[in-house]
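Take a look at the structure below.
Worth knowing before you read on, the calculation uses all heavy atoms, side chains too, and leaves out hydrogens, waters and symmetry mates. Protein chains get the first letters and strands the later ones, always in sequence-line order, with residue 1 at the start of each.
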Amino acid sequence: MASVSGQPQFRYTQPPSKVLHLRNLPWECTEEELIELGKPFGKVVSTKCNVGANKNQAFIEFADLNQAIAMISYYASSSEPAQVRGKTVYLQYSNRQEIVNNKTNADVAGNVLLVTIEGSDARLVSIDVLHLVFSAFGFVHKITTFEKTAGFQALVQFSDAETASSAKNALDGRCIPSYLLPDHMGPCTLRITYSAHTDLSVKFQSHRSRDYTNPYLPVAPSAIDGSSQMTVGLDGKKLEPESNVLLASIENMQYAVSLDVLHMVFSAFGPVQKIAMFDKNGGVQALIQYPDVQTAMVAKEALEGHCIYDGGFCKLHISFSRHTVLNIKVNNDRSRDYTVPNVPVANTQPSILGQLPSQMAGAPAQQYAGMPYMPSPSQPTMHQSTAGWGSGQVPQSMPMQAPNTMPPYGHPGAVPFQMGPGVMQMQNQNGFPNPGASNPYHQDRPQ
DNA sequence: AGCACA
């Protein structure tokens, strides 16, 4: 088809335009270089670099047509050609009247981040892990994930641009801590830019999108509790239906795990309503009831495969239960309803290990008080921030973060990412990862 | 060295 003017584009007879087309630029010429080139003739209001297959073309748009004419006229009669980095640049009027503003908003800070997860196993990164990672910087409103040519990506919505930029500054280019990822997963690097979005549209809670501001949002059919249908994840792996009740089995139980220990461990993620322990297949299992699915999901994500005690002892395996409401008839050393204050408590003397704080000994059954029991600084400071965690805790407070302090990733000198293998290191109160052997949440090391 | 992209 003939061009609009009916004339070939490479004639000198193109009508003037505020936009100039530049050719023969050095590879990956920057916007700054283009502005520098046009500045003597007027105000450059927009540029577009790295155009064309060789990325050696560009456009610059002046505020006024006369400025563009001035530049063309100057170089038309100049003995010195326009140059960038010593390379002659050829100029002509563009056949368009303005640069379409397709510049990525990558430089404009917004409250929504576009996160690209790099790595061969990027697709295996769950939305819950992303939630965990980004929640360290503030309340995460919504997350959506999708796959594009760029790979596996997520949009993460914060309340404001300040929070988003603190997360971006701290996380861009970093790897997701290995202890948050399933075993044998390669490193997953985060590349973060700002998105032009300000409010994501999340219709369902699902394995690919979440709205943490609306706990009543319908759950995607694939995740409805009771459907007992296995759903299939992105990786084709079977996923259990999500539930507010977790089934924890304890492997390699060298030490007795008491009800109180479980309560302490699971309370770190939100209010534990009920716990029921029982024996099955020669091992101990427990059902742990949270008020909502999201809290359970975060707890499951964080605790799965980790050990309550050092040395690979009492390794937790966690799945979603098909139950949604536990029926606790009596409070004793194996079952407890923390939502009912006045149920008589059977006298229990939990077996306490030396590693456990002395305060734990004989700890009375206590109603959930909004604050997870923090026996030592090396305990993980895990607090859930999703709706439904109605304690007085700082809502932004999340795992691996000292409450009310700078996010650990931003802490100078802190090296929470790309840490050594194996150990599930938690941030302690000073914001540094705690490599100490007293940390109760150690991941098994295969060797 | 010859007109762009989500």
Query - Distance, rounded to the nearest Å, where A/N50 contributes CG and B/dC5 contributes P - result: 11 Å
Report task. Say whether A/T116 and A/Q153, considering side chains only, have a donor N or O and an acceptor N or O under 3.5 Å apart. Result -> yes
Query - Between B/dA4 (P) and A/E98 (CD): distance, integer Å - result: 16 Å
Query raised in the report: How are the rings of A/Y338 and A/H263 set relative to one another: parallel (under 30°), tilted (30 to 60°) or perpendicular (over 60°)?
Result: parallel
Query - Side-chain donor/acceptor contact of A/Q92 with base of B/dG2 under 3.5 Å - result: yes
Query raised in the report: In whole Å, what is the span from the CD atom of A/E61 to the C1' atom of B/dC5?
Result: 16 Å
Report task. Could you label the plane-to-plane angle of the A/Y290 and A/F266 rings as parallel, tilted or perpendicular, counting under 30° as parallel and over 60° as perpendicular? Result -> tilted
Query raised in the report: Rounded to whole angstrom units, what separation is found between the CG atom of A/L91 and the P atom of B/dC3?
Result: 15 Å
Query raised in the report: Does A/Y90 lie flat on the base of B/dG2, that is, centres under 5.5 Å apart and planes under 30° off?
Result: no
**Report entry** For atom NZ of A/K18 and atom P of B/dA4, their distance in whole Å
**Finding:** 19 Å
Query raised in the report: Mapping A/Q97 and A/N24 to their closest nucleotides on DNA chain B, which lands nearer the 5' end?
Result: A/N24
Requested in this report: Could you check how far CD1 of A/I72 sits from P of B/dC3, rounded to whole Å?
Outcome: 15 Å
Report summary line: To the nearest angstrom, the NZ-C1' distance between A/K55 and B/dC5 comes to 11 Å
Query raised in the report: Just how far, in rounded Å, is C1' of B/dG2 from OH of A/Y93?
Result: 17 Å
**Report entry** A/K48 side chain, from C-beta outward: closest of B/dA1, B/dA4, B/dC3
**Finding:** B/dA4
Query raised in the report: Can you tell me if A/S166 uses its side chain to pair, donor with acceptor, with the backbone of A/T163 under 3.5 Å?
Result: yes
**Report entry** Short side-chain N/O contact to B/dA4 OP1/OP2 from A/R96, under 4.0 Å
**Finding:** yes
